[in-house]
Every structure is written in C-alpha cells, then in structure tokens.
Participant: 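Here it is: the structure, laid out below.
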Number of protein chains: 2
Amino acid sequence: MISGPDEQPPTRVRETASWQLGQAALLCTRLLREGFAAVDSSGYHYRLLATLEEFGPASQAVLGRRNGIDPSDVVAQINELAQLGHVQREPDPEDRRRNVITITRSGTRQLRKLEKALDGVQRTLTAPLTAGERRELVRLLTRLNDHHHRKH
Amino acid sequence: MISGPDEQPPTRVRETASWQLGQAALLCTRLLREGFAAVDSSGYHYRLLATLEEFGPASQAVLGRRNGIDPSDVVAQINELAQLGHVQREPDPEDRRRNVITITRSGTRQLRKLEKALDGVQRTLTAPLTAGERRELVRLLTRLNDHHHRKH
DNA sequence: TACCTACATTGGTCCGACCAACGGTTACGA
DNA sequence: TCGTAACCGTTGGTCGGACCAATGTAGGTA
C-alpha cells in the first residue's frame with residue numbers, strides 16, 4: 001500500500017468486504033514477513049514446525065495436506081529446514097515412498113522463537129480492537145472460511 | 001488451499017487472526033479473479049475505472065496513490081484499458097509531465113459489468129454471515145486498516 | 001501380471017506487490 | 001534568474017506465495 005492518508009479509493013470500493021479484507025491481509029502478511037524474517041524464518045517454516053510438534057513425525061504429503069501447501073513447495077521448505085537442522089528427513093522403512101519428517105531440538109527451539117514473533121504480530125495487527133472485538137473478528141472469519149471449506 | 005476437510009492445521013495456527021485472515025483473503029482473491037475474469041477484466045481494471053468514474057479524469061500518479069497501486073503497475077493497466085477502449089490517455093496541456101486519463105462510454109459500460117460481478121463475489125463471500133455480521137466484519141476490518149494506515 | 005494409486009521431486013507458471021533508475025518537466029529557493 | 005529539488009511516466013526488473021504438469025519409484029489390488 002502506497003497511498004497516503006488523504007487520497008482515498010472510491011467509496012464503493014472502500015465499502016466492500018473484499019477490499020477491506022484484502023487490505024487487512026496485505027498488512028498482515030507484511031507484519032508476518034517482517035516478524036518471521038527477524039528470526040530468519042518464514043511463515044511456511046512456522047506452520048510446518050508447529051504441525052510437527054502438535055502431531056508428531058509425518059510424511060511430507062500429510063504435512064502438505066494439513067497446511068494447504070503444495071507438495072512441491074513442501075519439498076523446498078523441508079530442504080531448508082533440514083539444512084538448518086530444525087528437522088530430520090529419513091525414509092520410512094514401512095513405506096519406501098515416504099519420508100518421515102521429525103522435528104529436532106533445534107527445531108523446537110526455533111519454533112519457540114517463531115511463536116514469540118507471531119504473538120507480536122497478532123498484538124500489533126489487532127491493536128485497535130478490544131479483546132472482545134478481536135474474538136468476534138476471528139469468529140466471523142472462521143465461520144466464513146469453514147463454510148467455503150466444507151463444500152470442497 | 002488444497003487440504004481436505006479432515007486434515008486440519010495445528011490448533012495454535014487455526015486460532016490466530018492472521019491465519020484466518022490469510023485464508024479468507026485467499027478465498028476472496030480467488031473469487032474475485034474468477035468473477036472478473038468472467039467479464040475479461042481484473043481487479044486493477046475495476047479499481048481504476050471506478051476511481052475515474054467517481055472522481056473524474058485524473059493523472060496516472062493520483063490514480064496510483066488513490067488505489068495504492070505502484071506507478072509502474074498503473075502504466076501497464078492503463079495500457080490495457082486504453083487498448084480495450086475503456087479509457088483515453090492524453091497529455092495534460094497544463095502540465096506536460098502528466099497524462100490525463102478519462103473513462104470512455106465503453107469504460108463505464110464495462111464498469112457496470114464489473115460491479116455486477118463484484119456484487120456476486122461479495123454475496124458468495126459473505127454468504128454464511130447475517131447482514132448484521134457482514135457489517136460488523138467490514139467495520140472491524142476497516143478499523144484495523146484505518147488504524148495501521150494513519151500512522152503512515 | 002497388469003493396472004491404478006500414492007509419494008517425493010523437478011521445473012516450471014502466474015499474479016500481485018514492490019523497487020531502482022532514467023529522461024523529461026515543473027516548482028522553488030538562493 | 002539560475003540551479004536544484006521534486007514530480008511524472010516509463011522500462012525493466014525482483015520477490016513471495018500459490019499452483020500445475022510430468023516423472024520415477026513404490027504399494028495396493030484385481
């Protein structure tokens with residue numbers, strides 16, 4: 001976003017849910033990128049590490065499906081995480097098509113850092129809202145997402 | 001988004017405002033792209049045409065600032081719109097740095113189509129919400145955006 | 001056995017946001 | 001009035017995130 005405070009887009013644009021949603025998301029991704037970059041990671045890294053910690057070791061395929069990440073992108077991200085030592089990749093003895101990805105101690109340490117960064121972003125993002133409004137916003141967005149998600 | 005309904009991301013991810021916001025925005029941009037593509041245009045086209053209709057002829061610079069579009073991107077979009085005949089580009093006699101962009105009759109006709117498409121997207125997007133909830137969502141997002149916008 | 005499916009991987013595409021640099025033009029201050 | 005700063009349009013990029021097609025390998029099953 002480059003526009004100054006004075007020069008506004010047309011009213012009919014400003015009033016749409018889609019415009020406000022897009023602007024908020026833009027702001028959000030910028031905050032996330034900055035926050036995660038400060039600890040030398042990305043949103044992908046966070047999501048993958050968090051998934052590994054919550055659900056335990058998993059194949060790349062399920063990591064991708066759980067997070068809505070394309071398998072080919074999972075490859076790249078796991079490459080990075082493996083090289084950083086945050087994750088271990090080894091072939092699954094029970095199914096030689098799969099890799100088993102396991103989070104390492106270094107990985108959980110990194111995850112703690114990422115969570116701190118993420119908390120900061122949430123607070124910055126929702127700063128102008130009361131706690132109740134923040135919950136309401138999440139509730140509405142969740143309803144919206146769930147609805148459009150169910151019907152594949 | 002590729003994940004099925006069953007395989008969910010970690011709870012701590014799902015509960016963040018940033019994740020829900022990102023998912024909703026993803027869904028939204030997909031709907032917008034489809035809706036606008038159906039009338040052979042893009043979101044850029046809509047925003048520029050709407051700005052021209054609401055505020056009258058303008059230079060590319062103010063078009064860009066009003067909509068938060070980079071000047072270089074404005075060039076490309078105005079090229080497209082001019083070639084389609086939706087817009088007229090002529091040098092400003094009073095300031096030879098500027099171009100004056102004017103919407104044509106064909107442009108306003110196209111704008112009507114785009115507005116129809118956009119309305120459909122809004123309805124689809126906010127289908128699971130009541131009218132009150134929809135307004136509340138827009139209100140919260142607007143507050144959020146305005147807040148982060150004022151402080152440059 | 002033959003066939004269909006799943007997995008990981010390579011090598012792309014597309015789009016929106018953004019940046020740097022430049023020539024031409026105008027505004028402004030010394 | 002002259003020099004410089006600021007502005008405008010334009011070119012030619014980068015970057016990240018989402019996505020897709022094709023392939024080799026391995027499993028499941030008729």
Side-chain angles (χ1 to χ4, degrees), chain A residues 1-4 7 18-19 21-37 41-48 58-82 87 89-101, chain B residues 1-4 7 18-19 21-34 36-37 41-48 58-80 82 87 89-101:
Chain A
M1 184 196 325
I2 288 173
S3 68
E7 283 160 312
S18 57
W19 164 261
L21 193 53
Q23 290 299 105
L26 199 57
L27 164 65
C28 181
T29 59
R30 229 194 333 259
L31 291 175
L32 283 177
R33 224 186 7 245
E34 290 168 9
F36 286 148
S41 270
S42 70
Y44 275 149
H45 287 187
Y46 169 70
R47 285 150 71 186
L48 290 172
S59 74
Q60 299 179 190
V62 323
L63 285 177
R65 276 194 299 262
R66 241 184 224 292
N67 290 288
I69 304 177
D70 189 90
S72 61
D73 297 325
V74 175
V75 173
Q77 298 303 319
I78 295 295
N79 284 347
E80 290 182 23
L81 287 170
V87 123
R89 177 203 256 138
E90 43 189 4
D92 185 340
E94 299 178 358
D95 185 340
R96 306 215 311 274
R97 291 172 302 180
R98 293 190 232 264
N99 290 332
V100 177
I101 311 299
Chain B
M1 186 194 329
I2 289 173
S3 69
E7 282 160 313
S18 58
W19 165 260
L21 194 53
Q23 290 300 106
L26 199 58
L27 164 65
C28 181
T29 59
R30 233 197 328 261
L31 290 175
L32 283 177
R33 222 184 11 243
E34 290 168 9
F36 286 147
S41 271
S42 70
Y44 276 149
H45 286 187
Y46 169 70
R47 286 150 70 186
L48 290 172
S59 74
Q60 297 179 194
V62 324
L63 285 177
R65 277 194 299 261
R66 241 185 225 293
N67 290 289
I69 305 176
D70 189 272
S72 62
D73 296 324
V74 175
V75 173
Q77 299 303 318
I78 296 294
N79 284 346
E80 290 183 22
V87 123
R89 177 202 257 140
E90 43 190 3
D92 186 341
E94 299 177 357
D95 185 340
R96 306 213 312 272
R97 291 173 300 183
R98 293 189 234 267
N99 290 333
V100 178
I101 312 299

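We name chains A, B, ... by the order of the sequence lines, and we start the count at 1 in each one.
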Participant: In whole angstroms, how far is the P atom of dC8(D) from the CD1 atom of Ile69(B)?
Facilitator: 16 Å

Participant: So, do Gln77(B) and Ile69(B) sit near enough that their side-chain heavy atoms are less than 4.5 Å apart?
Facilitator: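 They are not in side-chain contact.
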
Participant: Measure the spacing between CG of Asn99(B) and CD of Gln60(B) and express it to the nearest 0.5 Å.
Facilitator: 4.5 Å

Participant: For a 4.5 angstrom cut-off between non-hydrogen side-chain atoms, does Ile78(A) reach Leu63(A)?
Facilitator: yes

Participant: With the sugar-phosphate defined as primed atoms, P, OP1 and OP2, and the base as all remaining atoms, what B/S/- string results for nucleotides 10-17 of chain D, 5' to 3', for protein heavy atoms under 4.0 Å?
Facilitator: BBB----S

Participant: Contact class for Ser59(A) (heavy atom, under 4.0 Å): base, sugar-phosphate, or nothing?
Facilitator: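 Ser59(A): backbone/sugar contact only, no base atoms under 4.0 Å.
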
Participant: Taking the side chain as every heavy atom from C-beta outward, state whether Glu80(B) and Val87(B) have any pair of such atoms under 4.5 Å apart.
Facilitator: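 No; the side chains remain at least 4.5 Å from each other.
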
Participant: What's touching nucleotides 25-27 of chain D from the protein side, N or O pairs under 3.5 Å?
Facilitator:
unit_1: dG27(D); atom_1: OP1; unit_2: Arg96(A); atom_2: N; d: 3.1

Participant: For residues Ala24(B) and Leu21(A), report the shortest heavy-atom separation together with the two atoms involved.
Facilitator: O-CD2, 3.7 Å

Participant: Return the CZ to OG distance between Phe36(B) and Ser41(B), rounded to the nearest 0.5 Å.
Facilitator: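 Interatomic distance, Phe36(B) CZ to Ser41(B) OG, rounded to 0.5 Å: 8.0 Å.
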
Participant: Counting N and O atoms only, with roles assigned by atom type, does the side chain of Arg47(A) sit under 3.5 Å from a partner on the main chain of Asn67(A), one being a donor and the other an acceptor?
Facilitator: yes

Participant: Enter the distance from Ser18(A):OG to Gln23(A):CD here, rounded to the nearest 0.5 Å.
Facilitator: 10.5 Å

Participant: Nearest-Å distance, CG (Leu27(A)) to P (dC18(C))?
Facilitator: 11 Å

Participant: Report the distance from atom CD1 of Ile101(B) to atom P of dG9(D), rounded to the nearest whole Å.
Facilitator: 8 Å

